[in-house]
Amino acid sequence: MESEQLFHRGYYRNSYNSITSASSDEELLDGAGVIMDFQTSEDDNLLDGDTVVGTHYTMTNGGSISSSTHLLDLLDEPIPGVGTYDDFHTIDWVRERCKDRERHRRINSKKKESAWEMTKSLYDAWSGWLVVTLTGLASGALAGLIDIAADWMTDLKEGICLSALWYNHEQCCWGSNETTFEERDKCPQWKTWAELIIGQAEGPGSYIMNYIMYIFWALSFAFLAVSLVKVFAPYACGSGIPEIKTILSGFIIRGYLGKWTLMIKTITLVLAVASGLSLGKEGPLVHVACCCGNIFSYLFPKYSTNEAKKREVLSAASAAGVSVAFGAPIGGVLFSLEEVSYYFPLKTLWRSFFAALVAAFVLRSINPFGNSRLVLFYVEYHTPWYLFELFPFILLGVFGGLWGAFFIRANIAWCRRRKSTTFGKYPVLEVIVVAAVTAVAAFPNPYTRLNTSELIKELFTDCGPLESSSLCDYRNDMNASKIVDDLPDRPAGLGVYSAIWQLCLALIFKIIMTVFTFGIKVPSGLFIPSMAIGAIAGRIVGIAVEQLAYYHHDWFIFKEWCEVGADCITPGLYAMVGAAACLGGVTRMTVSLVVIVFELTGGLEYIVPLMAAVMTSKWVGDAFGREGIYEAHIRLNGYPFLDAKEEFTHTTLAADVMRPRRSDPPLAVLTQDNMTVDDIENMINETSYNGFPVIMSKESQRLVGFALRRDLTIAIESARKKQEGTVGSSRVCFAQHTPSLPAESPRPLKLRSILDMSPFTVTDHTPMEIVVDIFRKLGLRQCLVTHNGRLLGIITKKDILRHMAQTANQDPASIMFN
């Protein structure tokens, strides 16, 4: 009954596109994605720009409302743009949920009337599963396509397969009978560019020609990627996860999850990865999956007309994105729950699980890596870990936390500098410069020349008898008791020491280039570069511990469990732990990260080392700053996002934050029955506020409700067109009963149906800690402040963000919509 009353008061959202006077939000492309520029005076309005300007709520079940006024009848008619929000505004979670409950109630009441209505009811009930199925299918298919294309284009920088141009290097040599064990990647069918152009396979001329062609292809791919992004889809740049987190919190960014963004992001992601830039495709795959979810949601009215329901689909889509990015369906669900979702009911958990399952199944069917696995760097270890090894694992966690803290500060400082200097006005030039430096520095080192995913695979892999990598160039002990799958710990050979020096240089290179790469105007993920940095550090530490155990096996820390000739230390495990620690230090993920890495390796045995390293990296990182890289970019871009993880511990009250302040003009309000149409129109024209509290009278200041600017404008325009006798001097009445008027006065205009009769209110003595929790948990856009029932002021989402910035000793103007 209560929700029916809410809908009688008008809780259906419409948009009237012809009215734009209340919207002054502007768009500015910058930083790690797309940055909004909200520097207009509307930021200081009564109801800020993060609310929907001029939204309109029409009745849905108006049978119990008196139909004596023609206005109520005309407001029942559909208006163009019904159910939409303005760009760069926040949805009303409470009303969207009420709207969905009313829709569900209406369908249930009709389903027994006919077989057709029953069919529609079943279609509505199953539409949620259908949309996540389609999303999972599309996400898996696109991920497989991206993986295959990126592998082929990456190898194109080095050469080409003459027998089949569409084969990458590995596929080209699969069917060759002329490969050797030591040089399994060399076959007559694969030709390097030096062989094709100058006819030399070895020598300085060959090296220089391959070097030049490597740089040429890297610059070509990077230039094409940034050009496509700039011309066709500016929203396709960056990782996408900070914006998706903001969208899932209720913010509207039109076009960010559209078909053009999906198409361009898919193409340019392949180009960006193939260019050799220090970035990954895993983060952007979440954006791609969410684009699929958004597009498919428009096929189902249940989701296309309700922004809150659509966000349930997007939560499931983000789980599918991580599922195909890492081959980790369970980790994808936990990632959606822990990292990106703002509202995550139980049914969304089930649908996220199903979407991740479907996406993983499709990717496994495509088998893009040819190894019957979902990911390129799937490994299995056969040696258990020992208690002593927790110490180096925790050291890797410390390194991961320090790396995360350094990267966040350095990258945010560079992105802020990019915004404030002329360099940021030339995104194409920046991408070309970064790609050129990366290519020139990467080619001489075999570990930086490798595709980053291939590098991680090599670092994760344990040294077996079939491995020919220089990382496995150990001196064999001919007196070893056995040489089978588990080779004993052996002294390192010259190849291992050479590889360590190259890995040290690769580590420095990756750290520097990742700072400058994340945030440029191409699709750029952070998962793979962070994991590569951790894997390099971990492999170096693993080899060091392994050699320590070999040469000093009589030390008390090794004596009990590491015998001579035994396989005690697995350097690949250290690489895996280091990768998890560094990714955790950057993103501050915990549970989902451990599960993702566990699913990568396929072994329960190593969960404890992973947990120890990830928690250590989080603690160390939190000591330097609580926010992860995605929250830092949200704050840099000025998105109106209230982070549920952030604690508010200050003892301020609602009266300290509300507006108007003492130096501000009085609050602009409407009275319930003594204002004319001209009075309201003048107030609308003279102010840029997005909404007005309605009070009984200026003397009493007793709160009646809240009316949005666009509601008022639409209602007055409609009344002028369809209700005879509405003129500028007509009395506007928000009360239930029209006051008695002189006989010669024009017909009054009743607008009670557009009034929100139950706006959220707090008293002036409510602690701000409680107010912040209310905004977070209910998704509010504004809250009115009263004292003994008398209206005092208003608090908006932006007021809270400004106040939280002030309490953190930050300049609010520097972070709010900058």
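If you read the sequence from its start, that first residue is 1, and numbering goes on from there.
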What's the shortest heavy-atom distance between C504 and I540, and which atoms? SG-CD1, 3.8 Å

In Å, rounded to the nearest 0.5 Å, how long is the span from CG of L285 to CG of L142? 9.0 Å

Any sub-3.5 Å donor-acceptor pair from E338's side-chain atoms to T590's backbone N or O? yes

Can you name the ring-ring contact (aromatic ring centres under 6.0 Å, His included) partners of F516, sequence neighbours left out? W414

Report yes if the side chains of F393 and V608 come closer than 4.5 Å at any heavy-atom pair, otherwise no. no

Quick check: F624 with F406 (ring centres under 6.0 Å apart)? no

Find out whether L801 and P640 are in side-chain contact, i.e. whether some heavy atom of one side chain is under 4.5 Å from a heavy atom of the other. yes

For E627, all residues meeting salt bridge (charged side-chain N to carboxylate O under 4.0 Å, His left out), sequence neighbours excluded: R635

Hey, what do you get for CZ (F399) to CD1 (I533), rounding to the nearest 0.5 Å? 7.0 Å

Do the side chains of E631 and K245 get nearer than 4.5 Å, heavy atoms only? yes

Can you find a pair of side-chain heavy atoms, one from S524 and one from L277, that are under 4.5 Å apart? no

When you measure from the side chain of R539 to the backbone of Y574, do you find a donor-acceptor pair of N or O atoms at a distance under 3.5 Å? no

Any chance you could lay out the ring pair (Phe, Tyr, Trp, His ring centres under 6.0 Å) test for F335 and F326, step after step, and finish with the verdict? CA-CA 11 Å; F335 173 83; F326 290 102; 8.5 Å; no

So, do P392 and V545 sit near enough that their side-chain heavy atoms are less than 4.5 Å apart? yes

Between CD1 on residue I512 and OG1 on residue T517, distance to nearest 0.5 Å: 11.0 Å

Has T448 got a side-chain atom pairing as donor or acceptor with A442's backbone, closer than 3.5 angstrom? yes

Those residues that, when tested against F407, pass ring-ring contact (aromatic ring centres under 6.0 Å, His included) (two or more places apart): W403

S318 side chain to V286 main-chain N or O, any donor-acceptor pair under 3.5 Å? no

Under the rule for side-chain contact (heavy atoms from CB on, under 4.5 Å), what residues qualify as partners of A413, not counting sequence neighbours? none

Between S249 and T246, is there a donor-acceptor pair closer than 3.5 Å when you use the side chain of the first and the backbone of the second? yes

Exactly one of T587, V515, I629 should register a side chain to side chain contact (heavy atoms under 4.5 Å, CB included) with I408. Which one does? I629

Please test V358 against F354 for side chain to side chain contact (heavy atoms under 4.5 Å, CB included), starting from the C-alpha separation and ending with a verdict. CA-CA 6 Å; V358 172; F354 186 69; 3.8 Å; yes

Can you name the closest pair of heavy atoms from A150 and V270 and give their distance? N-CG1, 3.7 Å

On a heavy-atom basis, which atom in A225 and which in A272 lie closest, and how many Å separate them? CB-N, 4.3 Å

Non-neighbouring partners of K265 that pass salt bridge (charged side-chain N to carboxylate O under 4.0 Å, His left out), sequence neighbours left out: none

Residues which pass ring-ring contact (aromatic ring centres under 6.0 Å, His included) with F641, listed by chain and number, not counting sequence neighbours: none

State which residues pass ring-ring contact (aromatic ring centres under 6.0 Å, His included) with F391; sequence neighbours excluded, sorted by chain then number. none

Going from CG on N637 to CD on E243, what distance comes out if it is rounded to the nearest 0.5 angstrom? 6.0 Å

Check: S592/E339 side-chain N/O donor and acceptor closer than 3.5 Å: no

Residues R418 and E430 bridged, charged N to O under 4.0 Å: yes

Are P329 and F353 side-chain neighbours, meaning at least one heavy-atom pair lies under 4.5 Å? no

Could you go step by step and tell me if L279 and I528 meet the side chain to side chain contact (heavy atoms under 4.5 Å, CB included) rule? CA-CA 7 Å; L279 48 81; I528 288 297; over 6 Å; no

With sequence neighbours excluded, residues passing side-chain contact (heavy atoms from CB on, under 4.5 Å) with I800: L642, M768, V771, V772, F775, I795, M804

Q502: side-chain contact (heavy atoms from CB on, under 4.5 Å) partners, not counting sequence neighbours: N445, P446, Y447, S498

Check against side chain to side chain contact (heavy atoms under 4.5 Å, CB included), M589 and L334: CA-CA 10 Å; M589 293 191 299; L334 292 175; over 6 Å; no

Do side-chain atoms of S336 reach the backbone of G332 as a donor and acceptor pair under 3.5 angstrom? no

To the nearest 0.5 angstrom, please state how far the CG atom of D643 sits from the OH atom of Y630. 14.0 Å

Restricting to salt bridge (charged side-chain N to carboxylate O under 4.0 Å, His left out), what partner residues turn up for K281, sequence neighbours left out? D147

Between S323 (side chain) and A356 (backbone), is there a donor-acceptor pair under 3.5 Å? yes

Mark yes or no for whether T616, through its side chain, and A612, through its backbone, hold a donor-acceptor pair below 3.5 Å. yes

Flag side-chain contact, heavy atom, 4.5 Å: S278 against F518: no

So, does S341 use its side chain to make a donor-acceptor pair with the main chain of L337 at under 3.5 Å? no

Which atom of G525 lies closest to which atom of P284, heavy atoms considered: CA-CD, 3.5 Å

Any side-chain heavy-atom pair from L610 and M576 closer than 4.5 angstrom? yes

Starting from the C-alpha separation in whole Å, work towards a yes-or-no answer on side chain to side chain contact (heavy atoms under 4.5 Å, CB included) for V586 and C582. CA-CA 6 Å; V586 170; C582 282; 5.8 Å; no

Could you tell me whether a side-chain N or O of T461 sits under 3.5 Å from a main-chain N or O of K457, the two making a donor and an acceptor? yes

Quick check: are there more than 12 heavy atoms from other residues, nucleotides or ligands sitting under 6.0 Å from CE of M611? no

Taking every non-hydrogen atom, the tightest pair across G293 and L314: C-CD2, 4.3 Å

Counterpart residues, salt bridge (charged side-chain N to carboxylate O under 4.0 Å, His left out), relative to R588 (two or more places apart): D622

side-chain contact (heavy atoms from CB on, under 4.5 Å) filter on L346, not counting sequence neighbours, yields L349, W350

Which atom pair, heavy atoms only, marks the closest approach of G140 to V324? CA-CG1, 3.8 Å

Rounded to the nearest 0.5 Å, what separation is found between the OG atom of S617 and the CD1 atom of I394? 11.5 Å

